[in-house]
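Structure first, then comments.
As the structure is a computational prediction, the values presented were derived from the model and not from experiment. Note that ligands are numbered from 1 as they come in the structure, with each ligand's atoms numbered from 1 the same way.
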Amino acid sequence: MTYSLNSKKVAEASRAWLLSRGVRIEDIAELTYFLQKDYYETLIMEECVQSVEQVLTKREVQNAVLTGIQLDLLAEEGKLLSPLQEMIENDEGLYGCDEILALSIVNVYGSIGMTNFGYIDKIKPGILKMLNDKTGKHKHTFLDDIVGAIAAAASSRIAHRKQEEREKGGH
Ligand code: MG
């Protein structure tokens, strides 16, 4: 039998897994708002929520969400092989595969997402602060980058759309 995967199942799982790890769409949208509010005076949260929703419909994004959360969970349960277990569990400095995976999200909406991704990773506002808290039992080595990347991609999407609107408006 040919292997075939139900796309709806992947989409639903990625949303459910985010939620199960304490990340709501609104939390990501807040990061997007944070990134874009200074550029667009009229920007409202609703636009950011919609943009995040759209980013989450992309299969590349869903794949990264599922892969990253799965690795975080396995690290949390101590089920990875050594030395990968220790590296992911401790969010080791030289381990950069979490960021590389997140780039597959940033790249969906072009290169301007890169700047936003780097910036938000440095400032760590809102939900990113919670995800970076190393004192709790949860390991979010992959998820912090994934959430930052979704917010950055949603920001790029808004920037592209605003540009299109301006061009259509003839100014
Ligand atoms: Mg990380």
Exercise. Does the shortest distance from the Mg ion (ligand 1) to an N/O/S atom of Glu99 fall below 2.8 Å?
Worked result: no
Problem set entry | Asp98 N/O/S atom closer than 2.8 Å to the Mg ion (ligand 1) | yes
Problem set entry | Which atom of Asp145 approaches the Mg ion (ligand 1) most closely (N/O/S) | OD2
Seminar exercise, completed: The reported gap from CZ in Arg15 to CD1 in Ile25 (rounded to nearest 0.5 angstrom) is 4.0 Å
Exercise. With distance as the sole criterion, is a donor-acceptor pair present between the side chains of Glu167 and Gln163 under 3.5 Å?
Worked result: yes
Exercise. Should Lys139 and Glu77 count as an ion pair when the cut-off is N to O under 4.0 Å?
Worked result: no
Exercise. With the Mg ion (ligand 1) at the apex, how many degrees lie between O of Thr141 and OD1 of Asp144, rounded to 10 degrees?
Worked result: 70°
For this session: Using modelled atom types only, decide if a donor and an acceptor are shared between the side chain of Glu89 and the backbone of Glu76 within a distance under 3.5 Å.
Result: no
